[in-house]
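Have a look at the structure below, then the notes.
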2 protein chains.
Amino acid sequence: MSKPLPLLTSPPPERRDAARNREALLEAAVCLVEVHGVAGVTMDALAARAGVGKGTVFRRFGSREGLMAALLNHSETEWQAAVMGGPPPLGPGAPPLDRLLAFGASRMELNLRHAELIEAAGHPGTRGVGALSFTTMHVRYLLGEIGVVGDLGYLATALVAPLEIIVLREQVDRAQVPMARIVAGWTDLVHRVVSAP
Amino acid sequence: MSKPLPLLTSPPPERRDAARNREALLEAAVCLVEVHGVAGVTMDALAARAGVGKGTVFRRFGSREGLMAALLNHSETEWQAAVMGGPPPLGPGAPPLDRLLAFGASRMELNLRHAELIEAAGHPGTRGVGALSFTTMHVRYLLGEIGVVGDLGYLATALVAPLEIIVLREQVDRAQVPMARIVAGWTDLVHRVVSAP
DNA sequence: AATAGAAGCGGACTGCGGTCCGTTTCAATG
DNA sequence: CATTGAAACGGACCGCAGTCCGCTTCTATT
């Protein structure tokens, strides 16, 4: 027992080569998406492009879905920052109802922009906690600020659900609903929800 | 041009061997699901079990997702029949608001029961038209009967969205929300939506 | 600097979804 | 029946996600 107590020693940071490879992989992935589209990013191609073995790719990201989630994570984090600290009405400073409406429109736009990536990332694993959770928590918070009473957790989930890419695609692609009408519809929905009898 | 005009000739029905194989495949699929679970239903295993070639399986269902959609189709049709013509409050005869609430609870239960199959069926292709469409149209109709005014199409989509399996799983599995609270939450949501100011 | 052992690496290997095309089976016609 | 054109069949084949395990590289310790 000559080892120093592991108290307070944060989990060993990251080996130099591992860091290098991670960066190379992410860069290669971004490049491949640009060139061949999301569907063209195969794990073999990615490994070759980054000059590493296939095993390394899976060690980093666990699965193809994990890789996509990692790619998504970047823009997702940026967006969260805009929501938490950016300019109003999306960021703080505007009345909560205005923030909520701006939030919905912004979220729809983001989800549509990254549709392919989101679908390739699937639901399971990393993303759920980072993405769905944040949006729901934020909406819940705004509902509270607005003064809504009731099961805010459920109401937040219900308001976020129609913003999900699966629902949006159904409307935009299959039913050919114009975006303006979707945004207007969600706005109306919010008004109905916040004005409790 | 000695052929009879193809007017009114319905698309040639189905060859005998094709019909036989279809039945064998569906039966084998159901059996495999029972024994090995949804994940254990591989296209090769299915082909072998039904005593046909792999190509035949793909000719029938187009893809694994198509197969799952076909399996789902059975119970889905049954459920639709219950909604359209079964006993109240789900079926006709009850006040439309009661029908709507019964609809929500029933749909949640159905989606949870077939969760694996639904996720394996994916969104694309056959299912969307048959399933999502029907539920949305029905909710839209009920909203009209209740007397709601506004963009009924969007409101219906928004009410159906939180019943989707993806959203339900998030609540049930990750957040451990009890079913009773989910049902109560959806009921509250409906009340907020239908009581417009 | 030497060393030990853990963390990381790589690529052959497996299993599955999906395609392709030569062969077989059906049913409509004379 | 015999014929014939089309629909259906079957299984070899391909590409990709994911696993496995022996080898290499890093870092902490003395």
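Atoms considered below: every heavy atom in the structure, side chains included; atoms not considered: hydrogens, waters and symmetry mates. Given the structure is predicted, the values throughout are model-derived calculations rather than measurements. Residue numbering restarts at 1 for every chain, and letters A, B, ... go by the order of the sequence lines.
Regarding contacts with the backbone of D:dA8, every side-chain N or O of B:Asn21 stays at 4.0 angstrom or more from both OP1 and OP2. Not one side-chain nitrogen or oxygen of A:Arg16 sits closer than 4.0 Å to the OP1 or OP2 atom of D:dC26. For the pair B:Arg15 and D:dA7, the criterion of a side-chain N or O lying under 4.0 Å from OP1 or OP2 is not met.
For residues 61-89 of chain A, every residue pair satisfying the ring-ring contact (aromatic ring centres under 6.0 Å, His included) rule, not counting sequence neighbours, is listed here: A:Trp79-A:Phe103. Counting only residues at least two apart or on different chains, the salt bridge (charged side-chain N to carboxylate O under 4.0 Å, His left out) pairs with a member in residues 32-59 of chain B are B:Asp44-B:Lys54. Counting only residues at least two apart or in different chains, side-chain hydrogen bond (donor to acceptor under 3.5 Å, both in side chains) contacts with residues 145-157 of chain B comprise A:Arg181-B:Asp151. For residues 87-102 of chain A, no residue pair satisfies the salt bridge (charged side-chain N to carboxylate O under 4.0 Å, His left out) rule, not counting sequence neighbours. Screening residues 17-30 of chain B for salt bridge (charged side-chain N to carboxylate O under 4.0 Å, His left out) gives B:Glu14-B:Arg22, B:Arg15-B:Asp17 as the qualifying pairs, with residues at least two apart or on separate chains.
In the region residues 25-35 of chain B, proximity to DNA chain D at under 4.0 angstrom, judged on heavy atoms, holds for none of the residues. Taking every heavy atom of residues 41-58 of chain A and every atom of DNA chain C, pairs under 4.0 Å involve A:Val52, A:Gly53, A:Lys54, A:Gly55, A:Thr56, by number.
For A:Thr77, the side-chain contact (heavy atoms from CB on, under 4.5 Å) partners two or more places apart in sequence, or in a different chain, are A:Asn73. Scored by the side-chain contact (heavy atoms from CB on, under 4.5 Å) test, B:Val38 finds B:Val33, B:Arg64, B:Met68, B:Glu116, B:Leu117, B:Ala120 as partners (sequence neighbours excluded). For the side-chain contact (heavy atoms from CB on, under 4.5 Å) test, residues two or more places apart in sequence or in another chain that qualify with A:Ala102 are A:Pro89, A:Leu90. With sequence neighbours left out, A:Val172 forms a side-chain contact (heavy atoms from CB on, under 4.5 Å) with A:Met179, A:Ile182.
Summarising the geometry, the separation between CZ on B:Arg59 and C1' on C:dC20 is reported as 12 Å, rounded to the nearest angstrom.
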Give each protein N/O atom lying under 3.5 Å from an N/O atom of nucleotides 2-4 of chain C, with the pair distance.
none

